[in-house]
Number of protein chains: 2
Amino acid sequence: MAAWTAYLTASHLLERRVEEQLKADAGLTHAQYEILARLSAAPGRRLRMTELARTVVVSKSGLTYQIGQLEKRGLVERATCPSDDRGVLAVLTEQGMRCLERTAPGHVAVVRELLIDLLSPDELETMARVMRKVEAATHSSARALP
Amino acid sequence: MAAWTAYLTASHLLERRVEEQLKADAGLTHAQYEILARLSAAPGRRLRMTELARTVVVSKSGLTYQIGQLEKRGLVERATCPSDDRGVLAVLTEQGMRCLERTAPGHVAVVRELLIDLLSPDELETMARVMRKVEAATHSSARALP
DNA sequence: CCGAAGTGGTTCAAATTTGAACAATGGCCA
DNA sequence: TGGCCATTGTTCAAATTTGAACCACTTCGG
């Protein structure tokens, strides 16, 4: 269980530093940054709300709120989904893309400093493998519930 | 950077499952559970507020609030610190200890299911080592700021 | 084609979290 | 001793998060 405690402490501290840097550097929450980043990587720079909520892992209502904030700042727009009238697409705007490009270097630097660069290639590879396992495990245990 | 993304997704999902289980099983937040757990491990089952805020990694005001909640439920008491009149000690009550003992098995089961049991001894050891490195790194970079 | 059952998003109130401002001490040094 | 600065915890308003209740729409099964 020592590993679990270490994990908790480290992940909290890491999250805190990342949050701090993003807020100071670009006035963004980590959640908001993640939204922009995921959108930028998606085809057409757009994703369904639900899809986004799943990957960023926030409640649906939380995402509605955050998208609202990002929309106010002109970094994201909403568009109706052509294939499903209920659906809403979050679309990264040109301005949002520029914001992300401006912010990414500093963010990446922090992540490297506090995580990536501390690890040997082996360790990094192990981390990634472990995290994929955890993701798979949470998914399967989740499907058992409903 | 793929490792970072995998880490983010996995840790969010993991946190969510843990939170879910604790809430359903004992009506506790993960943060609250951590508070009880850290207290139970401390000498005299008591810790200074600041110390607690550091290890649980929540803002000071957040801790004040949470301790308030736990106090209402009789799981924790406040005591003044003998060596420093400003200080406040959070003390785990007998009832709090029982609550923790009742809750721990389910919590541990989830953590094992979603993390520990997925890993080989080697992987587990690597994880723990990595997390200690991360903790050290965040500490040193923090001290540089003020 | 019709209605039941599901989905996808939003809204709303309530709970939580945060950061800044404060009040009360402690500690250090001239 | 007295003065100045750092620390401790709390309070307060504002921002965020969540879950439940709700519409609007889609999908099935008859």
Side-chain angles (χ1 to χ4, degrees), chain A residues 12-13 15-24 26-35 46-73 76-91 142-143 145-146, chain B residues 12-13 15-24 27-35 39 46-73 76-91 142-143 145-146:
Chain A
H12 287 166
L13 288 167
E15 174 66 17
R16 183 158 277 231
R17 290 273 167 283
V18 168
E19 194 86 36
E20 209 167 78
Q21 182 269 327
L22 283 173
K23 190 101 62 183
L28 289 174
T29 300
H30 189 192
Q32 294 177 334
Y33 180 88
E34 274 192 78
I35 290 173
R46 65 193 58 213
L47 283 172
R48 290 290 291 270
M49 294 293 273
T50 299
E51 174 65 8
L52 205 43
R54 241 196 313 275
T55 57
V56 175
V57 196
V58 153
S59 65
K60 283 186 305 178
S61 40
L63 183 62
T64 295
Y65 175 78
Q66 285 299 350
I67 294 290
Q69 296 297 307
L70 292 172
E71 212 173 13
K72 267 195 223 160
R73 295 171 54 173
V76 161
E77 295 175 333
R78 285 177 214 245
T80 56
C81 177
S83 66
D84 186 340
D85 277 351
R86 294 169 303 180
V88 174
L89 291 168
V91 187
R143 306 220 189 297
L145 292 178
Chain B
H12 286 168
L13 288 168
E15 174 65 17
R16 184 157 276 230
R17 290 271 167 284
V18 168
E19 194 86 36
E20 209 168 79
Q21 182 269 325
L22 283 173
K23 190 101 60 181
L28 289 173
T29 300
H30 190 192
Q32 295 178 333
Y33 180 88
E34 274 192 79
I35 291 173
L39 286 178
R46 63 193 59 213
L47 283 173
R48 289 290 292 270
M49 294 294 272
T50 300
E51 174 65 8
L52 204 43
R54 242 196 312 275
T55 57
V56 175
V57 195
V58 152
S59 65
K60 284 185 303 177
S61 39
L63 183 61
T64 296
Y65 175 79
Q66 285 299 351
I67 294 291
Q69 296 297 309
L70 292 172
E71 213 174 12
K72 269 195 222 161
R73 294 172 55 174
V76 161
E77 295 175 333
R78 284 177 215 247
T80 56
C81 177
S83 66
D84 184 340
D85 278 350
R86 295 168 303 180
V88 173
L89 291 168
V91 186
R143 307 220 188 297
L145 293 176

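Throughout, protein chains are lettered first and strands after them, A, B, ... in sequence-line order, and every chain is numbered starting at 1.
- Interatomic distance, CG of B/Leu70 versus CG of B/Leu28, reported as 7.5 Å (0.5 Å rounding).
- The side chain of B/Gln66 contributes no N or O atom lying less than 4.0 Å from OP1 or OP2 of C/dT16.
- Comparing A/Ala31 and A/Asp85 by the nucleotide of DNA chain D whose heavy atom lies nearest to each, the residue mapping closer to the 5' end is A/Ala31.
- Rounded to a whole Å, the CD atom of B/Glu19 is 10 Å from the P atom of C/dT16.
- We find that CG of A/Leu28 is positioned 15 Å from C1' of D/dT16, with the value rounded to whole Å.
- B/Arg78 places none of its side-chain heavy atoms less than 4.5 Å from the side chain of B/Leu89.
- The side chain to side chain contact (heavy atoms under 4.5 Å, CB included) test applied to B/Glu19 returns B/Glu15, B/Lys23, B/Thr29, B/His30, not counting sequence neighbours.
- Of all heavy-atom pairs between A/Arg73 and A/Ala26, the closest is NH2-O, 3.4 Å.
- Partners of B/Asp85 under the side chain to side chain contact (heavy atoms under 4.5 Å, CB included) rule, at least two apart in sequence or in another chain, do not exist in this structure.
- Between the CD1 atom of A/Ile67 and the P atom of C/dG9 there is a distance of 11 Å, rounded to whole Å.
- The NE2-P distance, from A/His12 to C/dT18, rounds to 10 Å in whole Å.
- At its two ends the helix from C/dC1-D/dG30 to C/dA30-D/dT1 runs along axes set 30° apart, each axis drawn from five pairs and the angle rounded to 10°.
- A/His30 places its NE2 atom 13 Å from the P atom of D/dT17, with the value rounded to the nearest Å.
- Counting all heavy atoms, side chain and backbone alike, A/Arg48 lies closest to A/Gly87 at NH2-CA, 3.5 Å.
- Checking A/Ser83 against A/Val58, the closest nucleotide of DNA chain D that is more toward the 5' end is the one next to A/Val58.
- Rounding to whole angstrom units, CG of residue A/Leu52 and P of C/dT7 are separated by 20 Å.
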Walk along nucleotides 7-15 of chain D from 5' to 3' and tag each nucleotide B, S or - by protein heavy-atom contact under 4.0 Å, base first, then sugar-phosphate.
BSBBB---S
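- Scored by the ring pair (Phe, Tyr, Trp, His ring centres under 6.0 Å) test, A/His12 finds no partners at all (sequence neighbours excluded).
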Which donor-acceptor pairs under 3.5 Å do side chains of residues 55-67 of chain A form with protein atoms, sequence neighbours excluded?
residue	atom	partner	partner atom	Å
A/Thr55	OG1	A/Glu51	O	3.4
A/Thr55	OG1	A/Leu52	O	3.2
A/Ser59	OG	A/Gly62	N	3.2
A/Thr64	OG1	A/Lys60	O	3.3
A/Gln66	OE1	A/Gln32	NE2	2.7

